[in-house]
Amino acid sequence: MNDASAKDHLHRRLRRDREALLWKLDGLSEYDARRPLTPTGTNLLGLVKHVATIEARYFGEVFDRPSPQPLSRWQDHDGSDQWAAEDESRDQIIAFYRRTWEHSDATIDELALDAPGHVPWWPEPHFNTTLFAILVHVLGETNRHAGHADILRESLDGRTGMRPEHEQPIDEEARAAYREKIERAARSAVSITL
């Protein structure tokens with residue numbers, strides 16, 4: 001595999017996972033998109049905002065290509081990129097993510113995989129890196145948070161999947177039977193080990 005095909009493959013995967021993450025907001029009420037769904041406050045709109053910020057930093061600051069979207073200094077990180085404030089609309093956060101895509105895509109398109117970058121928030125000796133390493137890192141982050149979004153969305157209304165064209169109708173009876181099968185196996189395994 002040559003560099004161009006490797007870069008194209010990673011970039012296509014990143015684009016796919018971006019769309020999957022955004023799809024998790026489709027059809028949700030404003031409250032369900034924003035509300036904390038875990039003890040640590042994880043929420044769907046916050047995941048989108050967080051991943052947008054990650055991309056803006058890694059494909060911007062790391063390659064001395066600052067994001068057109070104003071960002072706080074990375075040294076001042078306070079967790080505010082992980083939830084939507086009252087005055088931030090869903091549309092604003094989605095637009096921020098889409099603008100970030102454009103900026104990130106331009107960085108990916110214009111630089112070679114071995115283009116040097118510098119991540120000041122990574123420890124020595126790892127802060128000097130390449131576009132390839134950053135592409136893999138951001139793809140991993142996006143995929144990880146899209147997985148979080150899968151679980152959060154399923155807990156809200158049962159919808160699952162990566163893309164709307166692959167979504168199956170929800171069969172509550174089949175899901176309950178499958179879950180019960182797994183529950184029985186878990187209980188049986190515990191009784192065997194006791």
- Kindly assign one of parallel, tilted or perpendicular to the pair Phe127 and His118, based on the angle between their ring planes and the thresholds 30° and 60°. perpendicular
Got a second to check how far [X]'s [atom1] is from [Y]'s [atom2], nearest 0.5 Å?
X: Thr160; Y: Glu154; atom1: OG1; atom2: CD; answer: 6.0 Å
X: Asp87; Y: Gln92; atom1: CG; atom2: CD; answer: 7.5 Å
X: Leu139; Y: His9; atom1: CG; atom2: NE2; answer: 8.5 Å
X: Glu102; Y: Gln69; atom1: CD; atom2: CD; answer: 11.5 Å

State, yes or no, whether a side-chain contact exists between [X] and [Y] at a heavy-atom distance under 4.5 Å.
X: Trp101; Y: Leu14; answer: no
X: Val119; Y: Ile134; answer: yes
X: Val48; Y: Arg90; answer: no
X: Lys7; Y: Leu10; answer: no
X: Asp157; Y: Asp32; answer: no
X: His103; Y: Pro68; answer: yes
X: Ile108; Y: Phe63; answer: no
X: His50; Y: Asp81; answer: yes

Locate the shortest heavy-atom distance separating [X] from [Y]; write the atom from each residue and the value.
X: Gly161; Y: Asp150; value: O-OD1, 3.4 Å
X: Thr107; Y: Leu131; value: O-CD2, 4.4 Å
X: Leu25; Y: Ala33; value: CD2-CB, 4.1 Å
X: Ile54; Y: Glu141; value: CD1-OE1, 3.6 Å
X: Ala149; Y: Lys24; value: CB-CG, 3.7 Å
X: Thr38; Y: Thr42; value: OG1-N, 3.0 Å

- Task: Determine whether the aromatic ring centres of Trp121 and Tyr58 lie less than 6.0 Å apart.
- Result: yes
- Query: Is atom CD of Glu173 surrounded by more than 12 heavy atoms (other residues, nucleotides or ligands) closer than 6.0 Å?
  - Reply: no
- Query: Take atom CG in Asp109; do more than 12 heavy atoms of anything else shown fall under 6.0 Å from it?
  - Reply: yes
Scan side-chain atoms only and decide if [X] and [Y] contain a donor-acceptor pair under the 3.5 Å cut-off.
X: His11; Y: Arg15; answer: yes
X: Asp91; Y: Ser89; answer: no
X: Ser5; Y: Asn2; answer: yes
X: Thr100; Y: Glu55; answer: no

- Item | Arg18 bridged to Asp105 by N-O distance under 4.0 Å | yes
- Message: Does this structure show an ion pair linking Arg175 with Asp171, if we count only N-O contacts that are shorter than 4.0 Å?
- Response: no
Taking [Y] as the starting point, is it possible to reach [X] by hopping between hydrophobic residues whose side chains are less than 4.5 Å apart?
X: Trp23; Y: Leu45; answer: no
X: Val138; Y: Leu111; answer: yes
X: Ile151; Y: Trp83; answer: no
X: Leu21; Y: Ile94; answer: yes
X: Phe59; Y: Val136; answer: yes

- Note on the structure: Across all chains, not counting sequence neighbours, the salt bridge (Lys or Arg N to Asp or Glu O under 4.0 Å) partners of Asp17 are none
- Item | Trace of the side-chain contact (heavy atoms from CB on, under 4.5 Å) decision for Thr129 with His137 | CA-CA 11 Å; Thr129 191; His137 179 78; over 6 Å; no
- Item | Backbone N/O of Asp26 and side chain of Arg153: donor-acceptor pair under 3.5 Å | yes
- Message: If you apply the rule side-chain contact (heavy atoms from CB on, under 4.5 Å), what do you find for Arg16 with Thr142, and how did you get there?
- Response: CA-CA 10 Å; Arg16 180 199 70 185; Thr142 305; over 6 Å; no
